[in-house]
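Given the structure is predicted, the values throughout are model-derived calculations rather than measurements.
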2 protein chains.
Amino acid sequence: MVLPAVPVSQSPESKFREYLATRPKSQRLTRPQRELIQFIFAQHDHFDVNQLIRDLDRADLRISRPTVYRTLAKLVDAGLLRRIEVNSRTVYEHDYGYPQHEHLVCEVCGKMIEFQSETIQNAIREVCTSHFFQQSGHTLVVRGVCQECNRARSAKRRLDMI
Amino acid sequence: MVLPAVPVSQSPESKFREYLATRPKSQRLTRPQRELIQFIFAQHDHFDVNQLIRDLDRADLRISRPTVYRTLAKLVDAGLLRRIEVNSRTVYEHDYGYPQHEHLVCEVCGKMIEFQSETIQNAIREVCTSHFFQQSGHTLVVRGVCQECNRARSAKRRLDMI
DNA sequence: ATTCTTGCAAAGCCTTTGCAACTGC
DNA sequence: GCAGTTGCAAAGGCTTTGCAAGAAT
């Protein structure tokens with residue numbers, strides 16, 4: 001986490017409970033779901049499904065793959081998680097308690113750097129207004145090479161020239 | 001196409017030929033590839049692989065699925081096409097001869113509205129500079145509901161209230 | 001008690017790959 | 001003629017689904 005967290009009044013679990021209750025056909029909060037929420041909001045930042053399942057496994061939490069997928073979908077729908085597609089990889093990150101932000105993604109090491117930009121958010125808002133487009137969210141991914149990988153590359157280039 | 005095209009000096013095919021020639025291990029321009037390029041740059045705007053193959057089929061161009069995938073990858077690498085991930089769907093659009101732009105994507109009808117924003121591009125450039133991040137490209141997708149679908153929704157809502 | 005959720009196995013997508021036949025250069 | 005490309009079939013990832021057993025309200 002690099003950005004300041006947004007203050008929230010409820011725990012992720014109770015926010016999720018609220019979401020479940022307000023569904024058209026009311027849904028249930030189960031043990032696997034609670035374990036997942038607790039696990040995700042205790043540790044992860046950006047993660048994909050395979051990482052998550054591996055980590056759950058290491059933590060001796062046996063939650064089946066389908067249940068993980070089904071629960072993640074609900075968490076996204078509930079506004080607890082955000083789902084991002086990055087270079088054909090699907091990653092999740094905290095939404096609840098975390099501010100809207102954009103990403104720089106290093107194509108070499110895969111690192112994701114977060115940043116906020118009022119300017120960009122305002123510009124998007126303006127464009128939506130002028131197109132009478134009702135915005136529900138956005139994703140900005142900037143691809144490139146991060147500082148460290150760039151250094152490494154330059155070094156290698158210098159070596160290659162010898 | 002809604003944005004003004006960028007003037008280009010070469011045809012897509014010759015631009016691709018140039019790309020092929022400058023590869024480390026030189027590659028070949030084949031009949032299926034030429035047909036694909038001609039077809040894509042004659043008609044399509046945004047398309048996914050299945051649409052493309054269906055349309056090729058209708059045009060009696062039989063190019064195998066693997067070849068389509070392999071060629072699209074090269075076209076993206078050559079800078080002729082851009083590849084965008086939108087709501088778990090992979091779509092391609094012209095890159096060569098078309099300016100950098102962002103997308104509003106309607107979650108109801110799937111329409112993609114293009115727009116350009118100097119402000120956003122500058123803001124991205126600035127952020128990259130301050131993070132010593134060497135940008136190679138970016139994707140901005142704004143999700144929401146377009147004007148028409150919004151109208152339809154409002155109308156339906158009014159009806160529901162009776 | 002009822003209705004939703006789980007886990008398993010299996011199926012579904014989309015995409016990639018191994019390989020023999022083929023074709024640019 | 002050599003090296004890269006094609007098409008086929010098959011395999012690979014990731015994600016979803018049908019269904020019987022189990023759990024939440």
Peer 1: Rounded to the nearest angstrom, tell me the gap between atom CG in A/L20 and atom P in D/dA23.
Peer 2: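 My rounded result for the distance is 19 Å.
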Peer 1: I need a per-nucleotide contact map over nucleotides 10-21 of chain D, read 5' to 3'. Cutoff is protein heavy atoms under 4.0 Å; write B for the base, S for backbone only, - otherwise.
Peer 2: ----SBBBB---
Peer 1: With sequence neighbours left out, write down each residue that passes ring-ring contact (aromatic ring centres under 6.0 Å, His included) with A/H94, or none if nothing qualifies.
Peer 2: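 Once residues adjacent in sequence are excluded, the partners of A/H94 under the ring-ring contact (aromatic ring centres under 6.0 Å, His included) criterion are A/F41.
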Peer 1: To the nearest Å, how far apart are B/E85 CD and C/dC14 C1'?
Peer 2: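 From B/E85 CD to C/dC14 C1': 12 Å.
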Peer 1: Any side-chain to backbone donor/acceptor pair from A/Y19 onto A/L75? Under 3.5 Å, distance only.
Peer 2: no
Peer 1: Could you give the CZ-to-P distance, from B/R34 to D/dT6, as a whole number of Å?
Peer 2: 11 Å
Peer 1: May I have the distance from A/R17 (atom CZ) to D/dA24 (atom P), rounded to whole angstrom?
Peer 2: 11 Å
Peer 1: Just by distance, no angles: are the side chains of B/S117 and B/E102 close enough, under 3.5 Å, to form a donor-acceptor pair?
Peer 2: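 B/E102 and B/S117 do not have a side-chain donor-acceptor pair below 3.5 Å.
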Peer 1: Strictly below 4.0 Å: does A/T30 bring a side-chain N or O up to OP1 or OP2 of D/dA23?
Peer 2: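 It does not, given that no N or O in the side chain of A/T30 lies less than 4.0 Å from OP1 or OP2 of D/dA23.
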Peer 1: Counting only distance, no hydrogens or angles, is the base of D/dA3 paired donor-acceptor with the side chain of B/R28 under 3.5 Å?
Peer 2: yes
Peer 1: Return yes if a side-chain donor-acceptor contact under 3.5 Å exists between A/R143 and B/T139, otherwise no.
Peer 2: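 The answer is yes; a qualifying pair exists.
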Peer 1: Hey, which sits more toward the 5' end of DNA chain D by its nearest nucleotide, B/S26 or B/I63?
Peer 2: B/S26
Peer 1: Heavy-atom count around B/Q38 CD within 6.0 Å, excluding the residue itself: above 12?
Peer 2: no
Peer 1: Go through the side-chain N and O atoms of A/E93 and A/H46 and say whether any donor and acceptor fall under 3.5 Å apart.
Peer 2: yes
Peer 1: For the pair made of CZ in B/R23 and P in C/dG24, what is the distance, rounded to whole Å?
Peer 2: 21 Å
Peer 1: Closest nucleotide of DNA chain C for A/R62 versus for B/Q27: which of these residues is on the 5' side?
Peer 2: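 Result: A/R62.
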Peer 1: Strictly distance-based, threshold 3.5 Å: is any side-chain N or O of A/R62 a donor or acceptor partner for the main-chain N or O of A/D57?
Peer 2: yes
Peer 1: Please state how far atom CG in B/L52 lies from atom C1' in C/dC14, giving the value in whole angstrom units.
Peer 2: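 Rounded to the whole Å, the gap is 14 Å.
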Peer 1: Classify the side-chain pair B/H138/B/Q100 by whether it contains a donor and acceptor separated by less than 3.5 Å.
Peer 2: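 B/H138 vs B/Q100: donor-acceptor pair found between side chains.
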Peer 1: Do side-chain atoms of B/Y96 reach the backbone of B/V8 as a donor and acceptor pair under 3.5 angstrom?
Peer 2: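 Side chain of B/Y96 to backbone of B/V8, a donor-acceptor pair under 3.5 Å: no, none is there.
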Peer 1: Once you round it to whole Å, what is the distance between P of C/dT15 and CG of A/N87?
Peer 2: 15 Å
Peer 1: Are there runs of at least three consecutive Watson-Crick or G-U pairs touching DNA chain D, with each pair's two distances under 3.5 angstrom? Give them by first number.
Peer 2: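 The stems that DNA chain D takes part in, listed by first number, are C:1-25 with D:1-25.
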Peer 1: Rounded to the nearest Å, what distance is computed from the CG atom of residue A/L29 to the P atom of nucleotide C/dC4?
Peer 2: 15 Å
Peer 1: Output the single nucleotide from C/dT5, D/dT6, D/dG7 whose closest atom is nearest the side chain of B/S64.
Peer 2: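 My answer, after comparing the listed nucleotides, is D/dG7.
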